[in-house]
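As a basis for the values below, the full set of heavy atoms in this structure was taken, side chains included, without hydrogen atoms, waters or symmetry mates.
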Amino acid sequence: MAPTVDMKEAAAAYEAATQYFLNLARGVTAEVIDVHAANEWSARQCIHHMADSEAQSYARLRRLVAEPDGSVIQGYDEAAWANEPKLAYADGDVANSIAVYAAVRAASLDLVKRLTESDLEKFGEHSEAGKYTIARWLQTYTKHPYDHGDQMVCATKGQA
């Protein structure tokens with residue numbers, strides 16, 4: 001039997017993760033925005049990645065809710081996006097990416113708050129990861145802002 005999930009707690013955790021990353025992204029200074037920790041992205045690159053990733057997650061969640069039981073959840077090559085000069089991960093202004101991140105996370109939070117525990121088992125087929133449930137989506141995108149936020153903290157403090 002699967003453990004019970006408190007959906008209010010899950011939504012609060014998702015919202016806390018959003019705020020953690022937003023606080024860091026909005027507080028990064030020009031002096032450190034392009035500093036890299038060893039083999040890691042800079043704060044600028046993390047911010048652009050999070051906007052793109054969250055735009056993907058926004059569509060994925062809606063697909064999982066509206067088209068469950070096998071719909072295709074397309075993966076994407078994050079490194080290719082980060083290395084594509086036209087996407088400006090290396091030098092683009094982060095203001096729009098912060099706005100995109102905030103908007104799509106807020107819209108996804110609204111939907112998360114409407115989910116029930118039984119919705120967590122709805123699934124699609126991820127092109128890279130196989131069966132992909134809403135529960136997995138929620139776990140992944142609650143953790144993701146901490147992963148890249150921590151990466152930003154390490155980079156901006158000069159830690160490897």
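Residues G75 and S127 come closest through the heavy atom pair N-OG, 2.7 Å. Between S71 and R63, the shortest heavy-atom distance links the atoms OG-CG, 3.3 Å. Between L115 and I134 the shortest heavy-atom distance is CD1-CG2, 3.8 Å. In terms of heavy atoms, R44 sits closest to D34 at NE-OD1, 2.6 Å. Summarising the geometry of A17 relative to R105, their closest heavy-atom pair is CB-NH2, 3.8 Å, with the distance given to 0.1 Å. Residues L138 and A10 come closest through the heavy atom pair CD2-CB, 3.6 Å.
The main-chain N or O of Y14 is found under 3.5 Å from a side-chain atom of T18 such that the two form a donor-acceptor pair. Under a 3.5 Å cut-off, the side chain of N23 and the backbone N or O of Q19 do form a donor-acceptor pair.
For H148, the ring pair (Phe, Tyr, Trp, His ring centres under 6.0 Å) partners two or more places apart in sequence, or in a different chain, are W41, H49, H144. Partners of S57 according to the side chain to side chain contact (heavy atoms under 4.5 Å, CB included) rule, which considers only residues two or more places apart in sequence or in another chain, are E54, W137, Y141.
With F21 as the aromatic partner, R26 does not meet the cation-pi criteria of under 6.0 angstrom to the ring centre and within 45 degrees of the ring axis. In this structure, R60 fails the cation-pi test against Y58, since its NZ or CZ atom is not both closer than 6.0 Å to the six-membered ring centre and inside 45 degrees of the ring normal.
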From CA spacing to verdict: side chain to side chain contact (heavy atoms under 4.5 Å, CB included), H48, V94: CA-CA 7 Å; H48 290 309; V94 296; 3.8 Å; yes

Verdict with supporting geometry, V112 and E15, side chain to side chain contact (heavy atoms under 4.5 Å, CB included): CA-CA 10 Å; V112 167; E15 185 172 22; over 6 Å; no

Residue pair D52, Y89: steps toward the side-chain hydrogen bond (donor to acceptor under 3.5 Å, both in side chains) verdict: CA-CA 10 Å; D52 286 341; Y89 276 49; 2.5 Å; yes

Candidate pair D110 and K113, rule salt bridge (Lys or Arg N to Asp or Glu O under 4.0 Å), full reasoning: CA-CA 5 Å; D110 287 345; K113 288 178 177 179; 5.3 Å; no

Intermediate values then yes/no, ring pair (Phe, Tyr, Trp, His ring centres under 6.0 Å), W81 and Y76: CA-CA 8 Å; W81 288 44; Y76 72 105; 4.6 Å; yes

Audit row: C46, E40, side chain to side chain contact (heavy atoms under 4.5 Å, CB included) steps and yes/no: CA-CA 9 Å; C46 287; E40 298 288 343; over 6 Å; no

Audit row: S53, Q56, side-chain hydrogen bond (donor to acceptor under 3.5 Å, both in side chains) steps and yes/no: CA-CA 5 Å; S53 176; Q56 297 290 321; over 6 Å; no

Test side-chain hydrogen bond (donor to acceptor under 3.5 Å, both in side chains) applied to D150 and Y20, step by step: CA-CA 10 Å; D150 292 350; Y20 172 75; 2.5 Å; yes

Evaluation steps, side chain to side chain contact (heavy atoms under 4.5 Å, CB included), between I47 and Y101: CA-CA 8 Å; I47 292 165; Y101 173 83; over 6 Å; no

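No continuous path of ILVMFWY side-chain contacts below 4.5 Å connects V104 to L87, so the two sit in separate hydrophobic clusters. Note on Y132: it does not cluster hydrophobically with V72, by side-chain heavy-atom contacts below 4.5 Å among ILVMFWY residues. Transitive grouping of hydrophobic side chains (ILVMFWY, heavy atoms separated by less than 4.5 Å) brings L61 and M7 into a common cluster. The same ILVMFWY cluster, assembled from side-chain heavy atoms under 4.5 Å apart, contains both M152 and V32. Side-chain heavy atoms closer than 4.5 Å link hydrophobic residues (I, L, V, M, F, W, Y) into clusters, and following such links, even through other members, never connects I98 to V100.
Residue pairs satisfying the salt bridge (charged side-chain N to carboxylate O under 4.0 Å, His left out) criterion with at least one member in residues 128-146, sequence neighbours excluded, are listed as follows: K143-D147.
Looking at heavy atoms from C-beta onward, P145 lies in side-chain contact with M50 at the 4.5 angstrom threshold.
Between atom CG of residue D77 and atom CD of residue E84 there is a gap of 11.5 Å, rounded to the nearest 0.5 Å. Once rounded to the nearest 0.5 Å, the distance linking CG of L64 with CZ of F123 reads 10.0 Å.
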